[in-house]
Amino acid sequence: MIHDTIIQLLKEIIKDEKRILTDKVDLYSYSYDSSFGVYLPDVVVQPKETKEVAEMMKLANKYEIPVYPRGQGTSLSGGPLPVKGGIVFDLSKWDNKLIIDAEDMVAVVSPGVITADINNAAMEAGMIYPPDPSSSNVSTIGGNLAENSGGPRGLKYGVTKDYVIGLEVVTPEGEVIRTGGRTVKNVTGYDLTKLIVGSEGTLGIITEAILRLFPKPQATKTLMAVFDDIVDSGRAITNILSSGILPSKLEIMDNATINAVEAYEPLGLPIEAEALLLIELDGHPAAIEDEIIRVQQVCESSQASEVRVANTVEEANELWKARKLVSPAIVREKPTKISEDATIPRSKIPEMFKRLKEIREKYHIHLVVFGHAGDGNLHPNIIADQRDQEEMRRVEKAVEEIFEAAIELGGTLSGEHGIGTLKAPFMEMELGEIGLDMMKRIKESWDPKNVLNPGKIFPEPGQRLVLTNG
Amino acid sequence: MAELAYEETFDCVQCGYCLPACPTYITMEKETHSPRGRINLVKMAAEGKITYSELEGPINLCLGCRACEVVCPTNVQYGTILESAKEFIEENKKKETPKRVKLFREFLFNKTIPNKKILNTVGGGIALYQKSGLQKVAHKAKATNILPENLRTFEKILPNAEGSIKRRKREEYYPPIHRPAFRIGFFTGCVMDTMFSSINTQSIKLLQLAGCEVTVIKEQTCCGALQSHSGETEITKRLAKENIEAFEKHSFDYIVNSIGGCGAMLVEYDKLFADDPEWATRAKQFAEKNVDISVILSQLNLPFEKEINRAVTYQPSCHMSNVQKRVNEPLQLLKSVPGITYLEFPKKDMCCGSAGIYNIVNYNESMELIDEKMKHLTTITPEVIVTTNPGCHLQMKVGVEREGLTDQIQVVHLIELLAEACKVEG
């Protein structure tokens with residue numbers, strides 16, 4: 001428990017007492033994120049300037065109090081959970097800076113700015129900020145940077161780290177540093193920018209970011225292709241990409257997902273099909289008009305049983321509706337959704353689907369698979385009921401096997417959700433003992449007192465996967 | 001003993017997609033006042049981790065606008081969770097409440113609001129106060145300063161209520177003017193029929209003009225929304241049964257109202273009887289007949305006689321959009337008025353902070369919400385704000401008054417605008 005004197009010291013740094021929360025209901029409100037586990041912090045603070053963050057970090061470091069940076073708490077891996085008590089830094093209220101510099105083609109933002117707002121502001125200036133995690137209307141850029149979030153556009157445009165060229169960071173010892181800058185090219189010293197991005201709040205607190213913007217594509221085209229055999233859909237993906245076309249989105253839904261959506265809201269989807277691909281092209285209208293025909297031909301020659309091309313925006317929205325309805329559709333029978341993001345090389349998609357099918361049967365779990373097929377970032381989602389202990393044990397085992405399968409196929413534990421608390425036990429399986437140790441050494445040298453987001457990404461002795469809130 | 005909707009809280013996967021849609025999360029700036037936060041606190045209370053009195057603050061500060069339900073990707077029944085929490089808190093409080101307060105609540109919710117006679121007297125009082133010029137005298141003398149600020153705010157913007165004599169003159173049966181398009185039972189509401197009774201009268205006349213046969217049955221009573229939102233479930237159920245029984249005796253095509261909030265309560269009557277199959281069936285049949293007036297009028301042709309050459313914006317009622325799910329009908333009807341220039345209200349889906357009696361019991365929070373709303377309004381500068389619910393109507397007037405724009409911006413119910421364009425008297 002934090003002593004009252006610490007609260008007093010915090011009040012000297014944040015003068016506005018409304019931004020220091022100590023009521024029990026407030027502490028419970030910052031005890032969770034979108035993953036699993038409930039952990040009460042001792043106090044929640046809502047900083048709105050670098051100076052406040054730096055001074056509070058100095059204080060925390062001096063008294064060795066754990067600090068957990070947090071955005072809007074949409075994390076699926078436990079990144080912001082205050083697992084060892086201490087102070088939650090709610091940075092989501094610090095949203096006052098969003099500058100679009102059309103000349104340098106960058107956006108300069110404070111950490112609490114909503115991700116979609118950056119893209120919207122960029123679009124007004126004829127540009128885009130491409131990373132588009134599905135939570136982008138809710139999530140903060142600070143959280144996206146900490147977790148290195150991806151999204152459907154990752155295939156063509158990459159993920160968050162590909163757009164960050166400069167940061168202002170408060171170190172665990174409360175110092176303020178700047179990394180990178182406003183230039184695309186910068187090779188001065190170690191690339192600390194890329195080290196901080198995706199470090200899940202374990203190395204520093206991001207207080208400002210400089211993001212690259214891209215020219216706005218003039219138009220988009222959407223196509224849906226249906227396959228009776230999932231191997232054919234994998235072949236179609238490879239053939240599309242090797243034909244010199246790079247779609248902006250390439251999403252897949254498996255048979256279980258198709259059936260769940262169709263049962264939820266009949267859209268006339270093919271319930272017998274093993275796979276459904278949704279493909280979006282963006283670019284010059286004339287170019288994509290030509291390319292969509294070629295994509296259609298490639299799908300047909302790859303044994304697609306049906307191909308639908310949207311001719312209008314409305315028709316495109318209708319096709320994407322199938323994907324949008326996945327979330328409500330799959331939780332109809334049971335409420336608990338375990339959303340994984342194991343990612344494999346593109347060529348291994350059919351093999352991964354086979355493995356997932358075996359896992360589903362072995363553990364008698366309700367498993368649906370959809371995701372960003374273009375970059376191998378699948379979302380196996382297990383639907384269960386967390387009140388059913390026996391079922392959750394089976395789910396935990398199934399998830400472990402999904403991780404093993406991804407790594408065996410040359411992939412990774414996490415494509416875009418992060419490690420947090422949930423996947424920490426599996427880090428060594430992917431990185432090896434030495435690889436993990438090198439990461440730990442970086443953490444120890446940056447944060448010798450282990451005050452910044454302790455309990456994350458590195459496994460505690462004996463830690464295993466737990467998917468309940470008990 | 002009331003039970004918290006504990007099982008329903010598990011439907012929330014805590015994705016947080018509701019946060020940007022929640023007005024109180026935006027103005028109060030913490031998770032505790034968000035839908036996800038409140039659902040979690042209900043769960044924590046059910047598990048005994050927090051007490052009912054700790055739960056009370058965050059629950060009472062919820063507007064109940066249910067904008068969160070519309071954006072929820074997993075269809076969490078937030079309304080059910082909220083109402084269960086209110087009932088749970090009320091029952092626990094009653095155990096500790098002094099008799100005096102209990103009697104007042106009983107008087108307000110069980111006797112006054114559902115009782116037309118008492119409300120008529122109150123409504124008559126309002127009309128008399130305004131017509132006699134006392135309102136102006138009182139304003140000038142600052143005599144009203146003795147009222148607490150919240151009541152004083154509303155006193156300034158009270159509508160010109162019809163005197164009870166005029167309202168009592170209303171017929172019970174209005175024959176269709178041309179062919180009978182629909183047979184309609186008109187639901188008057190109680191606060192609406194007191195403070196805005198002329199809108200009810202205009203509604204009936206417009207329905208008649210559009211070819212409907214309209215009956216105003218006397219046996220109808222209060223919808224129970226305010227009682228339900230205050231956790232008084234037993235009173236709500238009693239009122240619901242009275243209404244169901246009253247309307248069951250007739251064979252109307254539709255039961256029509258022009259009150260966004262009451263309409264939302266009526267279409268959800270079946271939820272009140274989840275544990276009573278017989279009444280649930282009757283309630284469902286009743287609920288399915290209830291529609292907002294815009295649904296009927298947008299299907300029929302109104303004989304417009306006059307152009308309304310003004311710039312108009314529309315503030316949807318949350319309960320109309322989020323519970324009744326009538327988003328297009330009122331807007332379509334509004335846009336059909338000849339002569340108007342329609343201006344889109346930025347962030348129009350955000351609650352204005354009226355929310356039943358929220359603006360009286362949570363005055364300061366409610367004023368922050370309306371000020372937030374006005375920030376967006378001033379970017380478009382309309383001449384008229386159109387609403388579809390008396391609560392929103394009063395709150396928008398408060399907002400306009402707070403901005404010092406009373407002389408420039410008029411607030412009207414959609415029905416009043418249609419009546420003007422059709423030259424229908426109140």
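Just so it is clear, the model here is predicted, and its values are computed rather than measured. Reminder, nothing fancy here: chain letters follow the sequence lines and each chain counts from 1. When reading the values below, keep in mind they use all heavy atoms of this one structure, side chains included, and skip hydrogens, waters and symmetry mates.
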_Heavy-atom pairs under 4.5 Å with chain B: which of Lys334(A), Lys324(A), Gln46(A) has the most?_
Gln46(A)
*Trace of the side-chain contact (heavy atoms from CB on, under 4.5 Å) decision for Leu41(B) with Tyr28(A)*: CA-CA 7 Å; Leu41(B) 290 174; Tyr28(A) 268 108; 4.0 Å; yes
*Side-chain heavy atoms of Leu55(B) within contact of Val25(A), under 4.5 Å*: no
*Side chains of Asp11(B) and Pro335(A): does their closest heavy-atom pair fall under 4.5 Å?*
yes
*Using non-hydrogen atoms and a 4.5 Å limit, figure out which bit of Leu21(A) sits close to chain B: side chain, backbone, both or neither.*
side chain
*Arg387(A) versus chain B, heavy atoms under 4.5 Å apart: side chain, backbone, both or neither?*
side chain
*Asp33(A) portion near chain B, given a 4.5 angstrom heavy-atom threshold*: backbone
_Those residues of residues 133-147 of chain A, ordered by number, that approach chain B below 4.5 Å (heavy atom to heavy atom)_ = Ser134(A), Ser135(A), Asn137(A), Val138(A)
*asked:* Give the interface residues of residues 12-31 of chain B toward chain A, defined by a heavy-atom separation under 4.5 Å.
replied: Val13(B), Gln14(B), Cys15(B), Gly16(B), Tyr17(B), Leu19(B), Pro20(B), Tyr25(B), Glu29(B), Lys30(B), Glu31(B)
_For the interface with chain B, which of Lys18(A), Lys337(A), Lys24(A), Arg19(A) has the highest count of heavy-atom pairs at distances below 4.5 Å?_
Lys24(A)
*asked:* Using heavy-atom distances under 4.5 Å, tell me whether Phe36(A) contacts chain B through its side chain, its backbone, both, or neither.
replied: neither
_Between Pro73(B), Gly57(B), Pro58(B), the one whose heavy-atom pairs under 4.5 Å with chain A are most numerous_ = Pro73(B)
